[in-house]
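First up is the structure itself, then whatever we jot down about it.
Chain naming here is simple, since letters A, B, ... match the order of the sequence lines and numbering starts at 1 in each.
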Amino acid sequence: MVKRIGFACKWVKNTNNRIESVAELNNRVTTVSWLNRQTKLDAEQRLWDIMQHNLTASLQLVKKVGSLTDQLRMVRLSSDILPMYTEGVWSTFWKRPDVRNYCESNFSIIGEVARNLNVRLSMHPGQFCCLSSDRTEVVENSRLEIEYHSDMIRWMGYGKSWQDFKCNIHVGGRVGPTAIRNILPKLSSTARNTLTIENDEISWGLDDTLKLADCLPLVIDLHHHFIKTGEYILPSDARITKVKDSWRGIRPVIHYSQCRPDVVNSSLSSLPDLSILVASGIKKQQLRGHSEYFTNSAVNSWAYGHWNWADIMCELKSKNLGSQLLYESWNI
DNA sequence: AAGCGTCAAGGCATG
DNA sequence: CATGCCTTGACGCTT
């Protein structure tokens, strides 16, 4: 069993101590408002160009990750590969048969390469995907967002069996875990095979996501759990056992990040104490932010204990650079 | 070349 | 009720 460490969405390089995006491995973007200012022809040409670029870049990214040592072969693909896929007006572009054919054949290559190179892939619909909203139109839009990801996952040849791919969401919204449970029968089999539920740091924490352990795998975000509760949860904790069991034999994935050292402003070799930080006037909002690198060695030592039972997705500004450093510090 | 304003969507915190 | 923030840069437009 390979123990993996991964990163999210973007490949960067270090140039003169500055983190710099590598264009040919990363996505291009556009905005609805920009598209609306163009002629339909120009706008659709732009979407076509972005689609071509992003699919090529995603393939190159998977190949790049596939060239790393086994334990670093894990990456989250961006949700922005096909911009406006679920937007009210421009979603029509993505229904064109020529567009769908292009997506289908190119995503299929990405999936094939990932499987050949043993790269573990995932995706993560963003904050606007709220399956547990109390507004029906928001739930419906969120369902479409899930199915957008499911289309990409299916084209890549995943979603055929339980957790051959991870598509991670938060509970989101005001209704709570029950809403997630209730909507599952309305989702595609691809979505039901790939969805995972992550605890957040404000509304729905680990105690809430655990209520879904019988129907979906749970992703514990160690940082979110710390921000919400102040706890450095241990691998031996009974709740961790429940999280692990929710994956039904597949090696789980957890998320890991650290507070920004300039916000915490304390020793980098001891565990920050949440209650002391909050008492000193630091807002939880500020503590939510992710650091550039994993500079706190005490927090790293604690997180290391979790690598035994789960692959670790790093959420860092320094992306692949920071996860590589973490791997090097752990692989002595 | 450099600087600045803009960006689909939800929801929470703040005033 | 209205505004700003979260995340976060990348892009396009102006100077």
Interatomic distance at [atom1], [N] relative to [M], whole Å:
N	M	atom1	answer
dT8(C)	dA2(B)	P	26 Å
dA10(C)	dG10(B)	C1'	23 Å
dA8(B)	dC1(C)	P	26 Å
dG4(C)	dG5(B)	P	14 Å

Side chain [X], main chain [Y], donor-acceptor under 3.5 Å:
X	Y	result
R46(A)	L35(A)	no
T31(A)	W34(A)	yes
R73(A)	G66(A)	yes
N331(A)	Y327(A)	no
N26(A)	A57(A)	no
D208(A)	G205(A)	yes

>> If stacking means aromatic ring centre less than 5.5 angstrom from the base's six-membered ring centre, planes under 30°, is F128(A) stacked on dA9(B)?
In response: yes
>> I need the residues from residues 26-38 of chain A with at least one non-hydrogen atom less than 4.0 Å from DNA chain C; give them sorted by number, or say none.
In response: R28(A), V29(A), W34(A)
>> Heavy atoms within less than 4.0 Å of DNA chain C: which residues of residues 165-184 of chain A have one? Give them sorted by number.
In response: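 Result for residues 165-184 of chain A: none.
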[X] side chain, from C-beta outward: closest of [options]:
X	options	answer
C130(A)	dC12(B), dG10(B), dC6(C)	dG10(B)
K283(A)	dA10(C), dA8(B), dT14(B)	dT14(B)
V138(A)	dA13(B), dG10(B), dA9(B)	dG10(B)

Check the distance between [N]'s [atom2] and [X]'s [atom1] and give it to me in whole angstrom.
X	N	atom1	atom2	result
E140(A)	dA8(B)	CD	P	21 Å
E87(A)	dA9(B)	CD	P	9 Å
D221(A)	dT7(C)	CG	C1'	14 Å
K317(A)	dT8(C)	NZ	C1'	7 Å
D80(A)	dA9(B)	CG	C1'	12 Å
L25(A)	dG9(C)	CG	C1'	17 Å
R46(A)	dC11(C)	CZ	P	7 Å
M84(A)	dA8(B)	CE	C1'	7 Å

Within a radius of less than 6.0 Å around [atom1] of [X], do more than 12 heavy atoms belonging to other residues, nucleotides or ligands occur?
X	atom1	answer
K284(A)	NZ	yes
R181(A)	CZ	yes
K3(A)	NZ	yes

>> Check the phosphate of dG11(B) against S203(A), side-chain N and O only, distance under 4.0 Å to OP1 or OP2. Yes or no?
In response: no
> Counting only side-chain N and O atoms of S133(A), is one of them less than 4.0 Å from OP1 or OP2 of dG11(B)?
Replying inline: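 For dG11(B), OP1 or OP2 has a side-chain N or O of S133(A) closer than 4.0 Å.
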> Among V75(A), L25(A), V119(A), V22(A), which residue meets the side-chain contact (heavy atoms from CB on, under 4.5 Å) test with K64(A)?
Replying inline: L25(A)
> What does dG12(C) pair with, Watson-Crick or G-U, if both distances are under 3.5 Å?
Replying inline: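 Across all strands, the one nucleotide that pairs with dG12(C) is dC4(B).
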